2 protein chains.
Amino acid sequence: MKYTKKDRQQLLLETIEKNPFITDEQLASTFNVSVQTIRLDRMELSIPELRVRIKSVAAHNFGEEVKSLPLNEVIGEIIDIDLDKQAISILDITQDHVFARNGIARGHHLFAQANSLAVAVINDELALTRKSTITFVKPVKAGDRIIAKAVVLSKDTEKNSTLIEVTSKVENDTVFIGQFSMYRMTKS
Amino acid sequence: MKYTKKDRQQLLLETIEKNPFITDEQLASTFNVSVQTIRLDRMELSIPELRVRIKSVAAHNFGEEVKSLPLNEVIGEIIDIDLDKQAISILDITQDHVFARNGIARGHHLFAQANSLAVAVINDELALTRKSTITFVKPVKAGDRIIAKAVVLSKDTEKNSTLIEVTSKVENDTVFIGQFSMYRMTKS
DNA sequence: CACCATTTTAGCACTTGGTACTAATATCAG
DNA sequence: CTGATATTAGTACCAAGTGCTAAAATGGTG
């Protein structure tokens, strides 16, 4: 039982999205069509070939370097950073982040984004959170895109301490506010 | 001025470590040797070819992405619960929870465990965190087992508000203290 | 210096997972 | 039945290799 061209192409998209490591040959056999058909499909959908796909997956991790911290440890995607001054990150809330019951995001995701950003904005080998006061202003739902902005308020070089305020918004509505007192580890 | 075989191979290791996306041809020209020499070097050092290297970087990347998702459930294992009074949970800290740089657990994992527990202890349809003040008392390392205890301090039925204190310990050392002001969603 | 081992280079056939292109065949709709 | 669309087949070619053989170049030792 073969799919229509449209259905197949839709499935193809999803399949490759789910597993970018699949070859045309494997795709051909799972869809019971010839390799050439798969190639045509990929062209129409402008899906690159296996190696390019793999490379782009690999490059994602390698290409963008945030100086203060390896990217994979940061929750949310940092889109702007001015070390020791301010930083902005984006986190898209999906079904995975919310309570099944009411679709409201669990608090620790907002905290994780804000805390990650507070760590990242500090221009140092490594920073640890010492104290924090946070307020969940408004519930966040699945589908929302949280934009968190961290601002360095003050630095106390004596105490190796830095005060940061993170404000997270969804479409200009403030949903979260957190003050973070960070400890700087100024060693090499 | 050519390097000795040993020096070249050492540099080769570092170069590929730094940039796994480099071809043998490029390597050959940077070290002023033939492509074949590079191949021999790679064999002796058992460094895989470009495509395999890229693929492993990508696979690692892809795996991480999956790994970062299990945040949707309760963080930590609840081992004792007395609804509306107190609850205890355990979280084992692994390499995945810590900063690669110094092996110290990222703060949001401690917060997530405490926050999850605060939500769970409330005997209600669902609870949301409203405000929270937290203190990271002592760094937690990979291999540590965090035992978090949540105690309900007070209930204000008028305001649908509950105050909870969570104390997390590693072998009787307090590592984290958090006060959580929770909002109760009475029936929907 | 000569000799032998190590190191380096060269060349060829073959592999994967493709691209680019041409051409033939199926399938379906009006 | 005729066209258009969709599918399959086949060829030449590419990148970045592996595997293998063989010839040079280099280097240290007696």
Side-chain angles (χ1 to χ4, degrees), chain A residues 1-66 70-72 77, chain B residues 1-69 100:
Chain A
M1 181 111 289
K2 295 197 177 186
Y3 300 100
T4 68
K5 187 179 178 183
K6 235 189 138 181
D7 288 352
R8 170 163 37 78
Q9 294 195 341
Q10 181 55 41
L11 278 169
L12 193 72
L13 267 170
E14 290 165 17
T15 307
I16 291 178
E17 170 90 18
K18 221 174 63 193
N19 171 25
F21 300 85
I22 194 167
T23 65
D24 285 0
E25 211 158 333
Q26 292 174 303
L27 287 166
S29 86
T30 58
F31 289 112
N32 280 318
V33 291
S34 70
V35 175
Q36 283 79 356
T37 302
I38 296 292
R39 312 250 225 242
L40 281 173
D41 286 348
R42 276 201 299 103
M43 277 173 211
E44 287 178 24
L45 300 168
S46 29
I47 298 172
E49 65 166 290
L50 174 69
R51 285 143 179 162
V52 176
R53 292 196 305 263
I54 290 180
K55 199 166 176 176
S56 86
V57 171
H60 222 270
N61 173 334
F62 231 79
E64 305 161 32
E65 8 157 349
V66 179
L71 188 72
N72 60 333
E77 193 191 351
Chain B
M1 183 74 191
K2 295 199 176 184
Y3 299 101
T4 69
K5 188 178 176 182
K6 234 187 141 182
D7 287 352
R8 169 162 39 76
Q9 293 194 344
Q10 182 54 43
L11 276 170
L12 193 71
L13 266 171
E14 290 166 18
T15 308
I16 290 177
E17 170 91 17
K18 223 174 59 192
N19 171 26
F21 300 85
I22 195 167
T23 65
D24 286 0
E25 211 158 336
Q26 293 174 302
L27 287 165
S29 85
T30 58
F31 288 112
N32 279 319
V33 292
S34 70
V35 175
Q36 281 80 356
T37 301
I38 296 292
R39 311 249 226 244
L40 281 174
D41 285 349
R42 275 200 300 102
M43 275 171 215
E44 287 179 22
L45 300 168
S46 29
I47 298 171
E49 64 167 290
L50 173 68
R51 286 141 177 164
V52 175
R53 292 194 307 262
I54 290 180
K55 198 166 176 176
S56 87
V57 171
H60 199 266
N61 228 359
F62 213 69
E64 299 275 307
E65 209 124 352
V66 177
K67 221 190 256 176
S68 75
L69 282 176

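All values derive from a computational prediction rather than experimental measurement. In what follows, chains carry the letters A, B, and so on, assigned in the order in which the sequence lines appear, proteins first and then strands, with residues in each chain numbered from 1.
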* Asked: When you look at A:L50 and A:R42, which way does the side chain to side chain contact (heavy atoms under 4.5 Å, CB included) test go after all the steps?
  -> CA-CA 11 Å; A:L50 174 69; A:R42 276 201 299 103; over 6 Å; no

Those residues that, when tested against [X], pass side-chain hydrogen bond (donor to acceptor under 3.5 Å, both in side chains) (two or more places apart):
X	answer
B:S29	none
A:Q10	A:E14
A:T30	none

* Just jot down the salt bridge (Lys or Arg N to Asp or Glu O under 4.0 Å) partners of B:E44, sequence neighbours excluded, or say none. => B:K5

* To do: Could you list the residues that satisfy salt bridge (Lys or Arg N to Asp or Glu O under 4.0 Å) with B:R51, not counting sequence neighbours?
  => B:E49

* **Nearest heavy atoms of B:F21 and B:Q26, plus distance in Å** => O-OE1, 4.2 Å

Between [atom2] on [N] and [atom1] on [X], what's the gap in Å once rounded to a whole number?
X	N	atom1	atom2	answer
A:F31	D:dA6	CZ	P	17 Å
B:F21	D:dG17	CZ	C1'	17 Å
A:I38	D:dT7	CD1	C1'	11 Å
A:R8	C:dT27	CZ	P	14 Å
B:E44	C:dT8	CD	C1'	11 Å
B:K5	C:dA5	NZ	P	16 Å
B:L40	C:dA10	CG	P	13 Å
B:N32	C:dT9	CG	C1'	14 Å

* Reckon A:S34 has a side-chain N or O less than 4.0 Å from the OP1 or OP2 of D:dT8? ->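 So the side-chain polar atoms of A:S34 do come within 4.0 Å of the phosphate oxygens OP1 or OP2 of D:dT8, strictly under.
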
* Which pairs count as ring pair (Phe, Tyr, Trp, His ring centres under 6.0 Å) when at least one residue sits in residues 33-54 of chain B, sequence neighbours excluded? -> none

List, with names and distances, any nitrogen or oxygen atoms from the protein found under 3.5 Å away from nitrogen or oxygen atoms belonging to nucleotides 21-28 of chain D.
none

* Asked: Can you name the side chain to side chain contact (heavy atoms under 4.5 Å, CB included) partners of B:I38, sequence neighbours left out?
  ->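 With neighbours one apart ignored, the set is B:L12, B:D24, B:L27, B:A28, B:F31, B:V33.
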
* To do: Starting at the 5' end of nucleotides 17-24 of chain C, put B wherever the base has a protein heavy atom under 4.0 Å, S where only the sugar-phosphate does, and a dash everywhere else.
  => BBB-----

